[in-house]
**Student:** 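This structure is in structure tokens; I'll ask about it shortly.
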Amino acid sequence: MNPDRLQRRILDWYRASARDLPWRRPPGSSAPVDPYRIWLSEVMLQQTTVAHATPYFHAFLGRWPTVTALADAEDSEVMAAWAGLGYYARARNLLACARAVRDRFQGRFPETEAGLLGLPGVGPYTAAAVAAIAFGEPANVVDGNVERVISRLYAVQAPLPAARPQLRELAAGLVVAEAPADWAQALMDLGATVCRPRSPACGQCPAAGDCAAEASGDPGAWPRKAPRGARPARTGVAFVLRQAGRIAVVQRPPRGLLGGMLGLPSTDWTEAGPDPAAITDAAPAALAWRDAGAVEHVFTHFSLTLTVLSAEGGAPGLEWLPETSAGDLPSVFLKAVRRAQGMSGAE
DNA sequence: GACCCGTGGCT
DNA sequence: TAGCCAAGGGT
């Protein structure tokens, strides 16, 4: 069962050129790996860059060194620690998963792809990645990098996302059962550093000469993609109420946009924008609100212009967050707080 | 399959 | 600058 020439070249390239990442053991190493670290890093890296996730990985590992420690944490602590990383459903599922491992599996992760797939927040990609990297199972690990690499190798003409089953099938035919962890990470590193979305570096690629997209002369034209729709613009008004070095905050509903996070009191965010009555209704108190300007923020499926109104004073029925803990808020609200602080001259 | 769900960097 | 992009999952 020797890997054929293409696989050999890619594995050799990986062993010479692997990225050195905090959750990774060196290629070819047989040192034991901690499944908790692999899982934690994989969840953080979902749709998130290595540069952005890395400080959070260190912070979480330092504060909660084991999956059981994480399972025992308070929800609010974990959500606050995740603030700024985005896709907050991941944080809720991270906790649910840690508790499932603690309560259903005696604190040990299931060691098979199928078992992992039953955990909250663990989908096809993450289950395969943890199975391959932490447990050496020859799983078919397909992320966006792998889709791009495979689509180019075979010059797959069908556009994403419809091409996904075909790409998975082609990827499955290449899995190196003797080195599942290295193979999975080799394809992802190749996609991240050589077979890049734009201006792929075919001159450095171990698959050069075996790649149909390279042969076409325009490898950057893969993967084909269905056109995406326009991003609508929404507007809203948020309130920064300050008193004694603290900011009035509200607990957001457990699901939906920024679900489970702390937020600022705010109107709804709509394309039409709030009318004056809606602004009055959303204000935490009838105070002399000052217009601090607006902040812009882009979400996945809409862009937001958020007008910031600020005031000093108290109001009933609110939680209060020290201004020094404003980093516990999602970025859109942190921007609003910063703007209000800038207007007041306190910062 | 379609839609929802963050953020920041890069071109 | 406006769009694209990143180790996806849930519903």
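In what follows, every chain begins at residue 1, and chains take the letters A, B, ... in the order their sequences are listed.
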**Student:** Using atom C1' in both nucleotides, what's the gap between B/dC5 and C/dA6 to the nearest angstrom?
**Tutor:** 15 Å
**Student:** Can you check the A/Phe299 CZ to B/dC3 C1' distance for me, whole Å?
**Tutor:**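 Between C1' of B/dC3 and CZ of A/Phe299: 17 Å.
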**Student:** Taking side chain to side chain contact (heavy atoms under 4.5 Å, CB included) as the test, write out the residues that go with A/Pro197, two or more places apart.
**Tutor:** A/Arg148
**Student:** Mind jotting down which residue pairs meet the salt bridge (Lys or Arg N to Asp or Glu O under 4.0 Å) criterion with at least one end in residues 227-236 of chain A? Sequence neighbours excluded, please.
**Tutor:** none
**Student:** Pick base, sugar-phosphate or nothing for A/Val146, based on heavy-atom distances below 4.0 Å to the nucleic acid.
**Tutor:**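 Answer is nothing: A/Val146 stays at 4.0 Å or more from every strand.
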**Student:** Specify the residues of residues 232-241 of chain A, ordered by number, for which at least one heavy atom lies under 4.0 angstrom from an atom of DNA chain C.
**Tutor:** none
**Student:** Does the gap between the ring centers of A/Phe299 and A/His297 come in under 6.0 Å?
**Tutor:** yes
**Student:** Strictly below 4.0 Å, heavy-atom distances to any atom of DNA chain C: list the hits from residues 301-308 of chain A, or just say none.
**Tutor:** none
**Student:** Identify each donor-acceptor pair in which a side-chain atom of residues 154-169 of chain A lies under 3.5 Å from a protein atom, sequence neighbours left out, and give them as a table.
**Tutor:**
residue  : atom : partner  : partner atom : Å
A/Gln157 : OE1  : A/Arg224 : NE           : 3.1
A/Gln157 : OE1  : A/Arg224 : NH2          : 3.1
A/Arg164 : NE   : A/Glu147 : OE2          : 2.8

**Student:** Give one of base, sugar-phosphate or nothing for A/Leu85, where a contact means two heavy atoms less than 4.0 Å apart.
**Tutor:**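 Counting heavy atoms under 4.0 Å across all strands, the contact made by A/Leu85 includes a base.
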**Student:** Could you pull out all residues at least two apart from A/Pro232 that satisfy side chain to side chain contact (heavy atoms under 4.5 Å, CB included)?
**Tutor:** A/Glu271, A/Phe302
**Student:** Would you classify A/Gly259 as touching base, sugar-phosphate or nothing, given that sugar-phosphate means primed atoms plus P, OP1 and OP2, and contacts are heavy atoms under 4.0 Å?
**Tutor:**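 The answer is nothing, as A/Gly259 stays clear of every strand by at least 4.0 Å.
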**Student:** Output side-chain donor-acceptor pairs under 3.5 Å for residues 107-127 of chain A, partner residues at least two apart or in another chain, one line each.
**Tutor:**
residue  : atom : partner  : partner atom : Å
A/Thr112 : OG1  : A/Gly115 : N            : 3.0
A/Tyr125 : OH   : A/Glu42  : OE1          : 2.6
A/Thr126 : OG1  : A/Gln46  : NE2          : 3.0

**Student:** Not counting sequence neighbours, which residues clear side chain to side chain contact (heavy atoms under 4.5 Å, CB included) with A/Asp328? List them please.
**Tutor:** A/Ala80, A/Leu321, A/Ser325
**Student:** Calculate the interatomic distance between A/Leu262 atom CG and B/dG6 atom C1'; express it in whole Å.
**Tutor:** 16 Å
**Student:** For A/Ala238, check side chain to side chain contact (heavy atoms under 4.5 Å, CB included) against everything at least two apart and list the hits.
**Tutor:** A/Leu264, A/Ser266, A/Leu306
**Student:** Indicate whether the side chain of A/Gln243 and that of A/Arg246 have a donor and an acceptor atom separated by less than 3.5 Å.
**Tutor:** no
**Student:** Ignoring backbone atoms, test whether A/His297 places a side-chain nitrogen or oxygen under 4.0 Å from the OP1 or OP2 oxygen of B/dT7.
**Tutor:**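 Yes, A/His297 has a side-chain N/O under 4.0 Å of OP1/OP2 on B/dT7.
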**Student:** Taking atom P in both B/dG6 and C/dT11, what distance in whole Å separates the two?
**Tutor:** 14 Å
**Student:** Taking the nucleotide of DNA chain B with the closest heavy atom to each, which residue, A/Val298 or A/Ala162, is nearer the 5' end?
**Tutor:**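 Its nearest nucleotide lies further toward 5', so the answer is A/Ala162.
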**Student:** Could you run down nucleotides 5-11 of chain C 5' to 3' and tag each one B, S or - for protein heavy-atom contact under 4.0 Å?
**Tutor:** SBBBSS-
**Student:** Among all residues two or more places apart in sequence or in another chain, which pass the salt bridge (charged side-chain N to carboxylate O under 4.0 Å, His left out) test with A/Asp291?
**Tutor:** none
**Student:** With sequence neighbours left out, which residue pairs that include part of residues 187-196 of chain A fulfil the side-chain hydrogen bond (donor to acceptor under 3.5 Å, both in side chains) condition?
**Tutor:** A/Arg19-A/Asp189, A/Arg24-A/Asp189
**Student:** When you compare B/dG1 with C/dG8, how far apart are their C1' atoms, in angstrom units rounded to a whole number?
**Tutor:**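 16 Å, rounded to whole Å.
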**Student:** I'd like the P distance from C/dA7 over to B/dA2, given in whole Å.
**Tutor:**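 Between the two P atoms, the distance is 23 Å.
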**Student:** For this output row, return yes or no: ring centroids of A/Trp183 and A/Tyr14 closer than 6.0 angstrom.
**Tutor:** no
**Student:** In this structure, how many angstroms lie between the C1' atom of B/dG6 and the NE2 atom of A/His52, rounded?
**Tutor:** 8 Å
